Amino acid sequence: MPTRRSFLGAALGLGAASAERKPNVVIIFTDDQGYGDVGCYGATGYRTPHLDRMATEGIRFTSFYSAACVCTPSRAALLTGCHPVRLGLGHRVLFPYSVTGLDPDEVTIADLLRAQGYATACVGKWHLGHLPKFLPTRQGFDAYYGVPYSNDMGSHHYPMIQYTSPPLPVMRNEEVIEQAPAQASLTARFTAEAVRWMEQNRDRPFFLYLAHCMPHVPIDASERFRGKTKHGLYGDVIEELDWSVGEILGSLRRLGLDEDTFVLFTSDNGPVVDAGNRRGYRSASAGPLRGMKNTTWEGGMRVPGIARWPGRIPAGRVSGEVVTAMDLLPTIARLAGAPLPANRIDGKDIWPILSGESGARSPHEAFFYYRDDRLEAVRAGQWKLHVFKPEWPAGHAPELYNLDGDIGESRNVAAEHPDVVRRLAALAEGAREDLGDAVSRRIGRNVRPIGRIP
Ligand code: MG
C-alpha cells in the first residue's frame, strides 16, 4: 500500500522526491570484510544481530560486487559510479607518498547531493588521495573526519617498510589533528562522529559516507568488545562494527528519520584469509567463495550488500541479481532527483530491484573483473569466464564456471560450453576496447586521467 506521502506525490503528478523531503542517504562501508563475515551470510563464532535485522527489514543481495579487489579503486568506483579503470585509478592502491588521487573534476555522490541542498559528510577512511586537492572536502563533502589512507600505512605499523610514512594521521576537514590513534578506538570514534553529525543535520537532507577502517589490518576492538567472541579478535572486531550499524540505525529511529533514510551496508573488497593466522585473520571468511582480497575469484569482489528503507524497500527479500557498488550513484541520483554526471559512468539505476518492482532484473549485461589494469574475468548471468591470471602459464586457455551450481568456482566447464566461452570472450573484448587492458597492452577508448599534482 502506498504511504500517505507517496500517494500525495502521485496525486500531484510529482516524482516522490520533489513532493516530499528528499531522502537521507547513509552508506556504511567496511574494509576487507568478506562475503562470509556477516551472520546472515553464514558467519559463525560471533553474532551480527544489527546487520541481520537490517537484512530482514530490507533487502540482502547475494551477488553484490565491489568494482575492485583492493581499497582505492573500489572506493573511487562506489563514490563516482565509474569503473576505477575508467578513472585512471585501476592500479593498486595509493600510499602516503602518492602524488595522485581521484580527479576532483570527477563527480561524486557527495557532489551530486550537495548540489541538491544536502549536507554531506565523510567519516572514516578516505584513500582517494591524501594531498589537499584530493581530500573529501574538495570532492563534495562539507565535513570530513578520519584517516586519509589505510590504517596500516602509518610508520607505527610498518617501521621497516621501504617507503617512509608519517604516523597515521587523523584529519578534521583539511587539518591533521592527531597522529597514530589507537587502532582499538577507530570504530567507536567514527561511530560517535557519525551520530553527532546526523544529529546536527537532522533538519535537512543529508548524505553520510561512513567508511570504517576495520576489519583491515591491524585489526583491533574497543575494550568492551575485546575477548567477547569465540572467533578471537577478528570476531570481536566484526561485533563492534555490527554494534556501529546498530548505533546508526538506532539514531535514525531516535531522530524520527527512519522512514526518510536509505541505508546501504557493504564492504570494499574481499577478506584477507590468512591460513597461517599470522595476523589473527584465520577466521576472516569469503564463505563458500573461492579466493580472497586482491584476487578476481568471487571471494575477492563479491561482498555483503544490504539495503534498508522502511516503507520504500520491501522487507525480507533476498536478491541474487548482479548489482555493484557503482550502481549507487545513479540510484541515489534518481532518489534525490539529481541529474547524472555528464561524463560516462558504469553504474546503473537499481531502484526497480530495491523497490521490489515485479520482474526487475539486473541491468548489467556483463560485469568485468579487473585487477590493477588487467582484465581477468567477465560475468554474464550465471556464467563467469576467467580470461587471465598472473599465475597461469602463457597460452593458458580461458576457464568457464557456472556460478549457479558452482558458486565456489571449482569445475571448469569451458570444454562443454564453447558457445558460452565465445559469447563471454566477445564481451571481454568489448571491455578491452572501452576500458583497456594491461595484459593485451590496450589503452581504452573511454578512459580518463587520474588526478595529479600539476
Ligand atoms: Mg579494503
Side-chain angles (χ1 to χ4, degrees), residues 27-38 41 43 51 64-80 83-85 87 89-96 98 101-102 122-130 136 146-154 157-158 165 168 183 186-187 190 209-221 233-234 237-238 240-241 244-245 264-274 279-281 283-287 289 291-306 324-326 328 369-372 376:
I27 296 176
I28 305 172
F29 202 34
T30 57
D31 195 344
D32 296 4
Q33 185 168 3
Y35 189 77
D37 289 336
V38 180
Y41 284 84
L51 282 167
F64 191 105
Y65 287 91
S66 62
C69 54
V70 290
C71 297
T72 294
S74 169
R75 283 149 207 274
L78 179 140
L79 285 174
T80 63
H83 201 289
V85 176
L87 306 170
L89 274 161
H91 52 279
R92 311 305 303 266
V93 299
L94 298 173
F95 287 93
S98 297
L102 174 65
C122 170
V123 177
K125 170 172 165 174
W126 177 239
H127 215 182
L128 293 173
H130 70 286
V147 301
Y149 33 69
S150 289
N151 58 322
D152 65 344
M153 290 180 176
H157 188 64
Y158 288 135
S165 51
L168 183 68
Q183 298 281 343
L186 293 179
T187 300
F190 294 158
Y209 171 58
L210 171 57
H212 281 293
C213 286
M214 296 295 144
H216 189 293
V217 289
I219 58 169
D220 212 343
L233 185 55
Y234 192 80
V237 164
I238 301 291
E240 186 166 21
L241 288 169
S244 174
V245 171
L264 180 119
F265 171 89
T266 189
S267 171
D268 69 334
N269 51 250
V272 177
V273 180
D274 182 0
R279 293 156 147 184
Y281 259 86
S283 54
S285 171
L289 308 179
M292 55 183 269
K293 176 180 181 176
N294 205 17
T295 76
T296 51
W297 299 103
E298 290 293 284
M301 292 170 68
R302 199 195 287 213
V303 288
I306 302 171
T324 85
M326 294 178 282
L328 293 173
Y369 304 68
Y370 275 81
R371 181 177 173 206
D372 304 337
E376 293 198 356

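Whatever order the structure lists them in is the order used to number ligands and atoms, beginning at 1. The shown structure was predicted, so the numbers you read here are calculated from the model rather than taken from an experiment.
As for Asp268, its N/O/S atom nearest the Mg ion (ligand 1) is the one called OD2. Within Asp32, the N, O or S atom at minimum distance from the Mg ion (ligand 1) carries the name OD1. Distances from the Mg ion (ligand 1) to the N/O/S atoms of Asp31 are shortest for OD1.
Taking 2.8 Å as the criterion, Ser150 does not count as a coordinating residue of the Mg ion (ligand 1), since none of its N, O or S atoms falls below it. At least one N, O or S atom of Cys71 sits under 2.8 Å from the Mg ion (ligand 1).
In summary, the side chains of Glu298 and Tyr65 do present a donor paired with an acceptor at a separation below 3.5 Å, with no hydrogens or angles considered.
Using a distance-only test at 3.5 Å, with no hydrogens or angles considered, no donor-acceptor pair links the side chain of Thr72 to the main chain of Val93.
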Could you go through the side chain to side chain donor-acceptor pair (under 3.5 Å) check for Ser98 and His130 one step at a time? CA-CA 8 Å; Ser98 297; His130 70 286; 6.0 Å; no
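For Asp31 and Arg75, the salt-bridge test passes: some basic side-chain N is under 4.0 Å from an acidic carboxylate O.
Taking the six-membered ring where tryptophan is involved, the planes of Tyr35 and Tyr41 are perpendicular, since the angle between them exceeds 60° and thus also 30°.
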